[in-house]
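Please read the structure below before turning to the comments.
These values consider heavy atoms only, across backbone and side chains, with no hydrogens, waters or symmetry-generated copies. Here is how names work: the chains are called A, B, and so on, in the same order as the sequence lines, proteins then strands, and each is numbered from 1.
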Amino acid sequence: MLDIKRLRNNPDEIKIGLKNKGVNIDIENILNIDNNLRLLENQTDELKHKRNVVSKEISFKKKNKEDASNAISDMQKVSKTIKTNDVKIQEYKNSINKSLLNIPNTPHTSTPIGKSEKDNVVIKEVGEKKNFNFSIKDHLELAENNSLIDFKRGAKIAGSGFPLYTGEGAKLERSIINYMLDLHTTKHGYTEIIPPFMANVNSTTTTGQLPKFGEDMYYVNEDELYLVPTAEVPVTNIHQNEILDVKELPKKYTAYSACFRREAGSYGKDTRGLQRLHQFNKVELVQFAHPKKSYEVLENIVNNAETILKNLKLPYRIIELCTGDLSFASTKCFDIELWSPATEKWLEVSSCSNFEDFQARRGNIKFRENNKVDFVHTLNGSGVATPRLMIAILENYQKEDGSIEIPEVLIPYFGKKEIQKIK
RNA sequence: GGAGAGGUGGCCGAGUCGGCUGAAGGCGGUUGCCUGCUAAGCAAUUGUACGGGUUUAAGCCUGUACCCCGGGUUCGAAUCCCGGCCUCUCCGCCA
């Protein structure tokens, strides 16, 4: 949520930011309502002040057995006015709040300006794309031949987009998750969390899924709960309505969660195999940072995520999203993409973003420094999502005989050096 | 799911038959004094949000609101009434 004071004082700056993000929002209208609100609030505060004073006088009079009926009937009128004013004030506030919740964050000044993903900037490419001297298979065929994932039965159980990992496929998936969690906790200083996989309206509003993107989530009507689309939702809300001590910052959490996404409207787009799923596994990194340090923290998160891919010896690249491709809540964002040799495409496995105080305002997450209280900056990044990582491992580590080599760092977790071809 | 108890400031904990309680008391924190150092002691200070005023600014002054949340009664509610949420205890069910 944007700061209403920023809206009052620098409306032009915000208009430019929103324009760069490709959205058009009537800020003047909000400012008008804000003006009316403050006017009425001032008047009403004065009435309330009067009521407080006179009520005390009434109390004294009654104690002294004096007549207070005039004052009381006066105050009856005042109270009536206060009541109607309060209703109006609440309407103004609701209206402003509703508008603010629907305004996206504005990009950081360093974010490259652009309209769509075509304008994203490649920051660097790391590792070499392997040259295979045999005809390679794609991850679907490999998963099938080695009995790692049973898409058909997954679909039978829940529908398409719900993969059924089987045997060594399940074990490899688990190995990947464990390896990532261990790296982040032992080498990168994160505290591990296992969060609820469902979240309420409040929590999903903090992170920005609600009110605009409710359609993207699975919703359990009876209990008014959303299945988490990412661990970012529960983990960011750990400190909802809290004031942290500045000494605690940055607070670093890593969490595994299953992620559930309806992916409404994306049918037929890169949906083969593991590319786009309704349920997938992800290890998430979340940090609560001092506002002055948050851009350093962003680099730190990118670095932590990157280390996974480096250690797995997979070719990857980092791109910076342009203003037009930035998500609703973020000011700056780096994606990490893995190379899929079979499809000759880059696959996004991580998205690392700074939200500055956007989520902190919605979730009321603050810190105290020298007796002053201010909103923290929240950041997160995938570290990383498993399905496309699985694609990259299977495809990049395949051998001519159809077996799949296990990346060195995963061997202690997987317990074997390779997966033998079965079919 | 059934029965009962309860939700007060960073924490503990008082709050009378509604009025002078933003909230006693204690702990903790901060600052000052004291002290050879530490401990102890003494004193002061110590919530948040949103307005208004003032200052170059840190700040200061001032108003309103907040004692789980939302309504209601009343001139006036932490205190009374209704609804919700959460916690605890017992019973039931269950991985």
Taking the same atom, P, in B:U8 and in B:A24, what whole-Å distance lies between them? 16 Å
Can you check the A:Leu40 CG to B:U64 P distance for me, whole Å? 16 Å
For each nucleotide in nucleotides 47-57 of chain B, reading 5' to 3', give B when a protein heavy atom comes within less than 4.0 Å of its base, S when such contact involves only the sugar-phosphate, and - otherwise. SSSSSS-----
Evaluate salt bridge (Lys or Arg N to Asp or Glu O under 4.0 Å) for A:Glu144 paired with A:Lys152, printing each intermediate quantity in order. CA-CA 11 Å; A:Glu144 165 73 20; A:Lys152 280 205 177 112; over 6 Å; no
Check whether the side chains of A:His278 and A:Tyr218 place a donor and an acceptor atom closer than 3.5 Å, and report yes or no. yes
Say you pick atom C1' in B:A40 and the same atom in B:A57; how far apart are they, in whole Å? 40 Å
Sugar-phosphate, base or nothing in reach of A:Lys48, heavy atoms under 4.0 Å: sugar-phosphate
Any side-chain donor near an acceptor of the partner, A:Thr323 and A:Asn20, under 3.5 Å: no
Tell which nucleotide pairs with B:G10, taking only Watson-Crick or G-U wobble pairs whose two distances are both under 3.5 angstrom. B:C27
May I ask which nucleotide in the shown strands pairs with B:U74, Watson-Crick or G-U wobble, both distances under 3.5 Å? none
Measure CG/A:Asn85 against P/B:A65 and give the value in whole Å, please. 14 Å
Suppose we define a pair by two distances each less than 3.5 Å, Watson-Crick or G-U wobble; what does B:C33 pair with here? B:G41
Sequence neighbours excluded, which residues qualify as salt bridge (Lys or Arg N to Asp or Glu O under 4.0 Å) partners of A:Lys416? A:Glu168
Across every strand shown, the nucleotide meeting Watson-Crick or G-U wobble geometry with B:G18 (both distances under 3.5 Å) is none
Taking for each residue the nucleotide of RNA chain B with the nearest heavy atom, is it A:Thr44 or A:Val54 whose nucleotide lies nearer the 5' end? A:Thr44
Set of residues satisfying salt bridge (Lys or Arg N to Asp or Glu O under 4.0 Å) with respect to A:Lys399, sequence neighbours excluded: A:Glu418
d(CD1, A:Ile58; P, B:G18) in whole Å: 17 Å
Taking atom C1' in both B:U79 and B:A14, compute the distance separating them and give it to the nearest angstrom. 13 Å
Base, sugar-phosphate or nothing for A:Asn52? Non-hydrogen atoms, less than 4.0 Å. sugar-phosphate
Is A:Lys88 close enough and on-axis enough to A:Tyr92, meaning under 6.0 Å and within 45°, for cation-pi? yes
Check the pair A:Ser203, A:Asn200 against side-chain hydrogen bond (donor to acceptor under 3.5 Å, both in side chains), reporting the backbone distance first and the verdict last. CA-CA 6 Å; A:Ser203 297; A:Asn200 58 27; 3.1 Å; yes
Can you tell me the Watson-Crick or wobble partner of B:G1, both distances under 3.5 angstrom? B:C91
Tell me: CD1 of A:Ile72 to P of B:G76, nearest whole Å? 10 Å
RNA chain B nearest-nucleotide lookup for A:Ser79 and A:His49: closer to the 5′ end is A:His49
C1'-based separation of B:C85 from B:G13 [nearest Å]: 24 Å
Complement of B:A49, any strand, by Watson-Crick or G-U distances under 3.5 angstrom: B:U64
To the nearest angstrom, the CZ-C1' distance between A:Arg51 and B:G76 comes to 8 Å
Scan A:Lys50 against the nucleic acid and name what it touches under 4.0 Å (heavy atoms): base, sugar-phosphate only, or nothing. nothing
Measuring only the P atom in each nucleotide, how far is B:G7 from B:G15? A whole number of Å is fine. 11 Å
Please give, in whole Å, the distance from B:C85 C1' to A:Leu225 CG? 13 Å
Between A:Glu242 (CD) and B:G9 (P), how many Å, whole number? 14 Å
State, without any angle test, whether A:Thr106 and A:Arg6 hold a side-chain donor-acceptor pair at a distance under 3.5 Å. yes
Could you tell me which nucleotide pairs with B:A57 by Watson-Crick or G-U wobble geometry, both distances under 3.5 Å, or answer none if nothing does? none
Roughly how far apart, to the nearest Å, are B:G22 and B:C82 at atom C1'? 27 Å
Expressed as a whole number of Å, how far does the C1' atom of B:G2 sit from that of B:C50? 45 Å
Round to a whole Å and report the spacing from CD1 of A:Ile82 to C1' of B:G76. 11 Å
With rounding to the nearest 0.5 Å, note down the distance linking NZ in A:Lys366 to CD in A:Glu242. 13.0 Å
When the P atoms of B:G76 and B:A65 are compared, how many Å lie between them, rounded to an integer? 12 Å
